[in-house]
Amino acid sequence: MSTITASSKEAYLAEQLARPFIKTAQQEELFHKATILAEGFSKRAQKIDENAEFPFKNFEELKQSNYLSLTIPKEYGGKEISLYEYFLIQERIAQGDASTALCIGWHLGVIYDLRVKRKWKEEQFAKLCETVIKDNKLINRCATEAATGSPTRGGLPATTAVKKGTQWILNGRKSFASMAPGLDFSLITATIEASGEIGIFLVPHENPGLKVESNWNMLGMRGTRSDDLVLENVIVEETALVEIEGVHFYAIPNAWLLHSAACFIGVAIAARNYAIIFASEYQPNSLPGPISEVPEVQRKIGEMELELLKARTALYSIADRWDNEPNKRGELGAELGAIKHLVSNSANKVVDWAMRIVGAQSLQQRNPLQRYYRDVRAALHNPPMDDVVITNLAKKALSFQNNND
C-alpha cells in the first residue's frame with residue numbers, strides 16, 4: 001500500500017480549498033503552475049527565513065516558467081491575466097514561501113497597474129514589457145521613506161530630482177524596497193525641486209550611485225530582503241520621468257495592492273493545512289483516537305474555516321467585480337480597503353487558531369507554524385492601515401448628507 005506523504009496531503013488540502021474558486025481552464029492551468037512552483041519553494045522556505053536571504057533560486061524557477069510576464073498585455077506577448085487570476089496564484093505561491101510570493105506579487109502588480117491605467121507613453125510601456133519578456137527583468141515601486149512613512153499618508157518625498165540639461169540627478173533613500181537584491185529596475189518617487197511636483201522615475205539598478213544597503217532585519221517576511229535603496233547623484237535620462245503624481249493619479253483605486261492580502265491568506269491556508277494534518281495524526285496516549293475527534297479541536301478547526309470562508313469569498317468577489325464591471329472601478333476604493341482589513345485580520349486569526357490546535361510544538365524553531373505566525377503579522381502593517389480603512393468607510397456611509405443638502 002502506498003504511503004501518503006505530508007506534502008501530498010497539503011497539496012490535496014490546498015486544491016480542496018481552491019476548487020470552488022477555479023472557474024475556467026486558464027485558471028486551472030495557472031493554479032497548476034503555481035502549485036508546482038510552491039511545492040519547490042516550500043522546501044527552501046525554512047532556510048530562507050533562518051538566514052534572511054533573498055530567494056534567488058525561487059526566482060530563477062519563476063523566470064524559467066515565464067511567470068514574470070503573466071500580467072503583461074497579450075499585445076506585447078504576455079498572458080494578460082485578470083485580477084482574479086492574479087490573486088488565485090498569489091494565494092497558492094504563498095503557501096510555499098510567503099516572501100517569494102510577496103516579492104513576485106509586487107513585480108506582477110506594477111505591470112498590471114500600468115496595463116490597466118496606461119500612465120506611461122505607450123512606447124515606454126511596450127519597451128518595459130519587451131525587456132521583461134526577453135530578459136526576465138524585475139521591477140518594483142519604491143516610494144516609502146523613513147521620514148514620511150507610507151506614501152498613502154501623503155508625505156512629500158525627501159528624495160529629490162534636479163534637472164540638469166537633458167538629464168535628471170536623483171538623491172535620497174528609500175526604505176522597504178522589497179526584493180532589493182534581485183531588482184533590475186525601480187520606480188522611484190522624488191520631489192522635483194524646480195516645481196515641487198512628485199515625479200516617478202524609472203531607474204535601472206545598474207546606474208552608478210544606486211546601491212542596496214543590507215539592513216533588513218525583521219521578525220517576519222525575512223526573505224523579501226526589503227532593504228534600503230540609497231541614491232547618491234544617480235543620473236538618468238530625461239525620459240526616465242515616466243509619471244507625475246496629480247489629482248488624477250488616484251482617480252482609479254489600486255485594486256492590485258490586494259495581492260498582499262492574497263499572499264497573507266495563503267500563509268493562513270498553509271497554517272490551516274498543517275494544523276489539520278497534525279490533528280488527524282496526533283494521538284496522545286490519553287485518547288482513543290487522534291485529537292481531531294476532540295470536540296474542542298473541531299471547534300477550533302471550524303473557526304479557521306469560518307475565517308477563511310468569509311475572507312476568501314470577499315477577496316474573490318471584489319476581484320470578480322473589478323474584472324467584470326470596469327465602469328464601476330472608481331467607486332471601489334473604500335471597499336478595497338475594507339477587504340484588505342478583513343483579509344489581514346482573518347489571516348492572523350487563522351494562524352492563531354492553528355497554533356492553538358498544535359500547541360507548544362508550534363513554537364519550536366523547526367515547526368513552520370512559528371514562521372507563519374511571524375510572516376502573517378506583517379499583513380497588519382501594510383497600507384491601508386486599519387484606522388484609515390474604518391474612517392473611509394464611515395465617510396462613505398455619511399456621504400448621503402452631502403447628497404441631500
When you measure from the side chain of [X] to the backbone N and O of [Y], does any donor-acceptor pair fall under 3.5 Å?
{"X": "Ser346", "Y": "Val343", "result": "no"}
{"X": "Arg321", "Y": "Lys328", "result": "no"}
{"X": "Arg225", "Y": "Ala52", "result": "yes"}

Atom [atom1] in [X], atom [atom2] in [Y]: separation rounded to 0.5 Å?
{"X": "Asp49", "Y": "Asp97", "atom1": "CG", "atom2": "CG", "value": "8.5 Å"}
{"X": "Asp386", "Y": "His341", "atom1": "CG", "atom2": "NE2", "value": "3.5 Å"}
{"X": "Leu336", "Y": "Leu257", "atom1": "CG", "atom2": "CG", "value": "9.0 Å"}
{"X": "Lys340", "Y": "Met385", "atom1": "NZ", "atom2": "CE", "value": "6.0 Å"}
{"X": "Lys310", "Y": "Glu307", "atom1": "NZ", "atom2": "CD", "value": "3.5 Å"}

Salt bridge (charged side-chain N to carboxylate O under 4.0 Å, His left out) pairs, two or more places apart, involving residues 34-47: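 Salt bridge (charged side-chain N to carboxylate O under 4.0 Å, His left out) check on residues 34-47 returns Arg44-Glu61, Lys47-Glu53.
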
Is it possible for you to check whether Lys23 lies under 6.0 Å from the centre of the six-membered ring of Tyr84, through NZ or CZ, and within 45° of that ring's axis?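 Because its charged atom sits under 6.0 Å from the ring centre and within 45° of the axis, Lys23 does stack over Tyr84.
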
With the side chain counted from C-beta on, respond yes when [X] and [Y] share a heavy-atom pair under 4.5 Å apart, and no when they do not.
{"X": "Ile192", "Y": "Ser195", "value": "yes"}
{"X": "Leu114", "Y": "Glu243", "value": "yes"}
{"X": "Lys174", "Y": "Thr159", "value": "yes"}
{"X": "Phe176", "Y": "His381", "value": "no"}

Test Lys163 against Glu238 for side-chain contact (heavy atoms from CB on, under 4.5 Å), laying out the working first. CA-CA 8 Å; Lys163 188 77 173 291; Glu238 188 173 33; 3.0 Å; yes

Which is it for Leu170 and Leu210 under the side-chain contact (heavy atoms from CB on, under 4.5 Å) test, yes or no, and what are the steps along the way? CA-CA 9 Å; Leu170 305 178; Leu210 187 150; over 6 Å; no

If you apply the rule ring-ring contact (aromatic ring centres under 6.0 Å, His included), what do you find for Phe54 with Phe59, and how did you get there? CA-CA 9 Å; Phe54 185 74; Phe59 272 82; 5.0 Å; yes

Strictly by ring-ring contact (aromatic ring centres under 6.0 Å, His included), give each pair with a member in residues 177-204 just once, sequence neighbours left out.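 Qualifying pairs: Trp168-Phe201.
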
Summary of ring-ring contact (aromatic ring centres under 6.0 Å, His included) pairs that have at least one residue in residues 12-53, sequence neighbours excluded: Phe21-Tyr316

Yes or no on side-chain contact (heavy atoms from CB on, under 4.5 Å) for Gln124 and Leu202, after CA distance, side-chain angles and deciding distance? CA-CA 10 Å; Gln124 290 177 309; Leu202 179 64; over 6 Å; no

